Student: 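Please see the structure below; I have some questions.
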Amino acid sequence: MNFNSLEYILFLPVTVVLYFILPKKIKNPMLLLASYFFYMCWEPSYALLMLFSTAATYLCSILIDKKALGKRKLWLILCLTVNLAILFFFKYYNFTANSISSVFGFFGLPAAVPTLNILLPVGISFYTFQALGYTMDVYRGAVVCEKNFIDYALFVSFFPQLVAGPIERTGNIVPQLKADRKFSFANLRDGSTLILWGLMKKMVIADNLAVVVNNGYNNPTAYTGAQLIFATFCFAFQIYCDFSAYSDIARGSAKWLDIELCRNFNCPYIADSIKDFWRRWHISLSSWFKDYLYFPLGGSRVSKARQIFNVMTVFFVSGIWHGAAFTYIIWGLLHGIYQAVGILLTPLREKFIYRFIPKDNPFIKALRIFITFCLVCFAWILFRANSLSDAAYIIEKIVSAPFEGLFPLAFGAMGLSRPTLTAVGICTAVLFTVDVINLKKPLAKLLGQTIFLKYAVFFILILCIFVFGYYGSGFDPQAFVYFQF
């Protein structure tokens with residue numbers, strides 16, 4: 001069951017109605033059952049895996065809280081080991097086995113590590129990190145240990161954000177789950193706006209751009225340097241619209257239940273540095289790594305060399321988290337290098353450049369945003385490429401012949417007609433405008449003040465989804481990009 005499927009359109013309102021008509025003591029058990037049903041629609045057996053992870057973190061947290069055997073750190077290490085071992089087995093075992101076999105083969109040694117025919121459980125990286133974050137917070141004394149297993153299990157498995165985030169913190173969600181939530185037409189309106197906005201981003205922009213991206217990256221030798229640059233820019237907006245759409249629909253669905261999820265994106269492509277980009281992109285994951293990895297390593301309150309090591313460690317782990325492939329690892333390390341260079345050049349900028357040209361100079365600001373966007377797009381090549389060899393070919397083609405095939409009609413040969421491409425371009429421009437406006441004041445609240453505008457926006461969004469939504473050959477309602485992570 002996916003957000004852009006007919007099943008979810010039926011599932012969500014039924015769940016919301018049951019939630020609000022049932023007595024308070026039954027609300028959370030019902031919502032927990034609904035969340036497990038939602039997850040089991042992909043693969044029922046993997047619900048047991050999530051239940052085991054939930055039980056392990058719940059019990060270890062209680063043992064930590066009670067200082068059982070006087071070994072708080074022992075229970076934390078046990079919890080981390082068990083959960084990370086499960087994550088390694090399902091997500092990284094085959095990658096590790098193939099890598100070891102390749103190393104042996106390189107040295108001419110006839111050794112092959114066996115691989116396993118296992119399916120990666122949907123959302124395992126998200127709910128594992130969410131549960132581990134809770135356990136580490138209990139260890140630090142940052143949150144009160146949750147004794148109610150139903151409430152804790154619901155925190156881990158809450159269906160709107162279960163599969164692809166945002167990665168929530170206990171302090172935000174559990175108090176809301178325990179409170180007496182009330183139905184509100186304002187929540188229904190605001191939640192519906194977020195859901196429709198997310199569906200538009202997913203089905204009109206992301207899914208259409210995916211046609212161009214898939215053609216370019218699945219067969220790079222068939223396209224020119226300019227076409228591959230165009231496909232890379234398309235991927236930058238595809239992955240943003242796809243992932244932020246999931247977060248919007250998740251927030252909108254939770255809003256129907258009178259529950260607030262954290263914002264996961266904040267106009268990332270107007271970032272004026274790579275550091276600023278990661279403050280705006282996948283905010284829940286970035287803050288997770290900052291709180292549970294970067295700061296424990298020493299953060300920035302260490303020597304510059306150690307700070308750079310900490311940054312590189314975080315981005316190496318971030319690359320591994322995103323996928324079991326060298327392309328993701330190098331993508332993560334590249335972002336780490338970007339930030340390391342920024343750390344090293346900061347004194348130079350402060351002493352020489354900003355002394356003569358103010359930081360807030362509009363031209364300098366625009367230039368910084370453009371350079372940051374180009375650096376991010378260059379890294380996206382590694383993220384999207386099917387292999388390191390494909391990534392190397394695409395980079396070589398772009399660098400050696402960036403203007404080859406620049407004629408605009410050439411882009412129409414990448415799978416989308418010019419009218420559709422134009423419509424997607426207009427929708428992307430509207431998306432960017434709305435994101436910028438939202439930086440100052442939430443546009444949804446402004447629209448909600450006028451009935452005509454509110455329903456006009458609903459109508460336009462629905463019309464765009466039905467007219468320009470991608471329903472062509474190969475359409476897969478489950479193909480949200482971050483499901484593979």
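Heads up: numbering here begins at 1 and tracks the sequence. Small disclaimer: the values here were computed from a predicted structure and weren't measured.
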Student: For Lys71, look at atom NZ and say whether over 12 heavy atoms of other residues, nucleotides or ligands are found less than 6.0 Å away.
Tutor: no
Student: Aromatic contact between Phe90 and Tyr46, with the criterion being ring centroids under 6.0 Å apart: yes or no?
Tutor: yes
Student: Indicate the ring-plane relationship of Tyr134 and Tyr152, choosing parallel, tilted or perpendicular according to the 30° and 60° boundaries.
Tutor: tilted
Student: Taking all non-hydrogen atoms of both residues into account, name the closest pair between His322 and Phe383 and its distance.
Tutor: CD2-CE1, 3.8 Å
Student: Counting neighbours of CZ on Phe37 that are heavy atoms of other residues, nucleotides or ligands and sit closer than 6.0 Å, is the number greater than 12?
Tutor: no
Student: Whether Asp248 and Lys202 form a salt bridge (side-chain N of Lys/Arg under 4.0 Å from carboxylate O of Asp/Glu) is what I want to check.
Tutor: no
Student: Can you run down the salt bridge (charged side-chain N to carboxylate O under 4.0 Å, His left out) pairs that involve residues 17-36, sequence neighbours left out, and say none if there aren't any?
Tutor: none
Student: Taking everything shown except Phe183 itself, do over 12 heavy atoms lie less than 6.0 Å from its CZ?
Tutor: yes
Student: Strictly under 6.0 Å, is that where the ring centroids of Phe95 and Phe326 end up?
Tutor: yes
Student: Is the Tyr338 to Phe277 ring centre distance short of 6.0 Å?
Tutor: no
Student: Among Phe233, Phe237, Phe432, exactly one meets ring-ring contact (aromatic ring centres under 6.0 Å, His included) together with Tyr269. Which residue is that?
Tutor: Phe237
Student: Can you confirm whether more than 12 heavy atoms, excluding those of Phe149, are under 6.0 Å from its CZ atom?
Tutor: yes
Student: Does NZ belonging to Lys178 count more than 12 external heavy atoms closer than 6.0 Å?
Tutor: yes
Student: Salt bridge or not for Arg169 and Asp291, using N-O below 4.0 Å?
Tutor: yes
Student: Is the ring centre of Tyr246 less than 6.0 Å from the ring centre of Phe3?
Tutor: yes
Student: I'd like to check the ring pair (Phe, Tyr, Trp, His ring centres under 6.0 Å) partners of Tyr217; sequence neighbours left out, ordered by chain and number.
Tutor: none
Student: Going by ring-ring contact (aromatic ring centres under 6.0 Å, His included), Trp321 matches just one of Tyr328, Phe316, Phe126. Which one?
Tutor: Phe126
